[in-house]
Amino acid sequence: MASGQRARAQSAAITPGRRSPEVEAVAASPAERVRALFGGHRLSPAQRRIAQFLTDRLTEAAFLSITELAERVGVSQPSVTRFASSLGFSGYPALREALQPIALSAVAGAPGEGEERHRNELQSAIDAEIENLTALRRALADPDRIVGIGRELARSVPLTVVGLRISVSLAEYFAYAARRIHPDVRVVTRGGSVAYDGLLQAREAGGTWVLAFAMPRHAKETLAVVRAARGVGLRVALITDLALGPLAEEADEVITAGTGSRLVFDSYAAPGVLSAGILQAMADADPERTQTRLEKYEHASEQHDFFLDD
């Protein structure tokens, strides 16, 4: 009889190429529409600051003059002009013209004052996470990219999972589950020479990919580890909350998931669901290996009485 976990793996298998009509029908959020303007462009540090300001303060920034925007961000006016040109616009006025309808839609879609007054801080935090999950749901309307990444990670033996500082918990969760379906999963949770040794050993053992988690605040040592992985010949799939920035520029694949930032410490509903989705794609990539390994684990858990009878 199939184990409960194996049954879940089979019933939740991802269907490549299948798009969800109900997801496609939902319009992208204003923040997603702004980020879409910047996606696929290599930006300088100053340009990334402009992009982040426009994303974070859209309803204000879309109506600023070039002088006002440059002053707010702390860059020169020519930097703003070059930023607009790098995105394919004739100049800043054309970029501002593209941003203003998005900003107006954000204002129109904002919750009413009465609703805001009746929400407490915990409810607001949950609402923000629902928005993150909704954005992730839209992003995964076409699952082919996640299927492809899962296939590559499944083929990498060993597979190295990286998570430093606050991202340790996500890396350890992923590695704990991945070991049920993958023969050799290694975790790097410390930077410096310890991380380099682990990456080098993984590459020499035949590994081809690293999965790295980078949640805010983004650590310089995470960037160093990603660069070290690339330096020894490993490819990097990055799960993070920002599509722009030095970490994203160093990775081979970047998958974004928003983090909840309404409380004193961030919450990670969307990165957690995304991690489970990639694990599912890895399980789908080699169903025979998945079935064999899950059956062996179930046998071991029964033999050694790992779990309570719920």
Where is the tightest heavy-atom contact between Thr256 and Leu274, given as atom of each residue plus distance?
O-CD2, 4.3 Å
Look at atom CG of Leu87 and say whether more than 12 heavy atoms of other residues, nucleotides or ligands are closer to it than 6.0 Å.
yes
Does a side-chain N-to-carboxylate-O contact under 4.0 Å join Glu221 and Arg190?
no
Would Tyr173 and Tyr268 satisfy ring-ring contact (aromatic ring centres under 6.0 Å, His included), going step by step from the backbone distance to the final call?
CA-CA 12 Å; Tyr173 157 75; Tyr268 305 107; over 10 Å; no
Which ILVMFWY residues can you reach from Ile126 by hopping between side chains whose heavy atoms are under 4.5 Å apart?
Ile130
Starting from Val264, walk the hydrophobic network (Ile, Leu, Val, Met, Phe, Trp, Tyr; side-chain heavy atoms closer than 4.5 Å) and list everyone else you reach, by chain and number.
Phe265
Ile181 with Ile146, same ILVMFWY side-chain cluster at under 4.5 Å:
yes
Run the salt-bridge test on Glu152 and Arg155 with the 4.0 Å N-O cut-off and return the result as yes or no.
yes
Do side-chain atoms of Arg289 reach the backbone of Ala154 as a donor and acceptor pair under 3.5 angstrom?
yes
Just by modelled atom types, is the Val75 backbone N or O under 3.5 Å from a matching donor or acceptor in the Ser79 side chain?
no
Main chain of Ala214, side chain of Thr240: is a donor-acceptor contact present, judged purely on distance under 3.5 Å?
yes
With hydrophobic residues grouped by side-chain heavy-atom distances under 4.5 Å, do Phe38 and Leu242 end up in a single group?
no
Any side-chain to backbone donor/acceptor pair from Arg48 onto Leu43? Under 3.5 Å, distance only.
yes
Distance check, rounded to the nearest 0.5 Å: Leu238 atom CG versus Phe213 atom CZ?
9.5 Å
Donor on one side chain, acceptor on other, Thr208 and Arg203, under 3.5 Å:
no
Quick one, Leu211 with Thr160, criterion side-chain contact (heavy atoms from CB on, under 4.5 Å). Give me CA distance, side-chain angles, the key distance, then yes/no.
CA-CA 6 Å; Leu211 177 66; Thr160 304; over 6 Å; no
With the side chain counted from C-beta on, respond yes when Glu249 and Val254 share a heavy-atom pair under 4.5 Å apart, and no when they do not.
no
Any side-chain donor near an acceptor of the partner, Glu172 and Thr189, under 3.5 Å
no
Under 3.5 Å, is there a donor-acceptor pair between the side chain of Glu250 and the main chain of Arg227?
no
Is there a donor-acceptor pair under 3.5 Å between the side chain of Arg293 and the backbone N or O of His182?
yes
Taking atom OH as the centre, does Tyr196 end up with more than 12 heavy-atom neighbours from other residues, nucleotides or ligands that are less than 6.0 angstrom away?
no
Asp127 and Arg262 ion-paired at < 4.0 Å
no
So, Arg186 side chain and Ala175 main chain: donor-acceptor pair closer than 3.5 Å or not?
no
Considering the options Val161, Leu234, Leu153, which one meets the side chain to side chain contact (heavy atoms under 4.5 Å, CB included) requirement together with Trp209?
Leu153
Hey, could you give me the OG1/CZ distance between Thr59 and Arg57, rounded to the nearest 0.5 Å?
9.0 Å
Using distance alone, with no hydrogens and no angle criterion, decide if Gln280 and Asp284 have a side-chain donor and acceptor under 3.5 Å apart.
yes
May I ask you to check whether over 12 heavy atoms, not counting those of Glu97, lie within 6.0 Å of atom CD?
no
Answer with yes or no whether the side chains of Glu129 and Ser267 bring together a donor and an acceptor at under 3.5 Å.
yes
Given side-chain contact (heavy atoms from CB on, under 4.5 Å), test Thr290 with Met282 step by step and report yes or no.
CA-CA 9 Å; Thr290 295; Met282 289 175 59; over 6 Å; no
Working to the nearest 0.5 Å, report the span between CD of Glu298 and CD of Gln303.
13.0 Å
Approximate separation, where rounding is to 0.5 Å, of Leu99 CG and Arg33 CZ:
10.0 Å
Distance col, row Tyr92:OH vs Thr81:OG1, nearest 0.5 angstrom, shows 10.0 Å
Would you say Phe83 ends up clustered with Ile66 if hydrophobic residues are merged whenever their side chains have heavy atoms under 4.5 Å apart, either directly or through other cluster members?
yes
Any sub-3.5 Å donor-acceptor pair from Asp252's side-chain atoms to Val236's backbone N or O?
yes
Checking Arg49 side chain against Val73 main chain: does a donor-acceptor pair fall under 3.5 Å?
yes
Taking Met215's backbone N and O only, do any of them form a donor-acceptor pair with Ser167's side chain (distance below 3.5 Å, no angle check)?
yes
Output for pair (Leu69 CG, Leu54 CG), nearest 0.5 Å, gives 5.5 Å
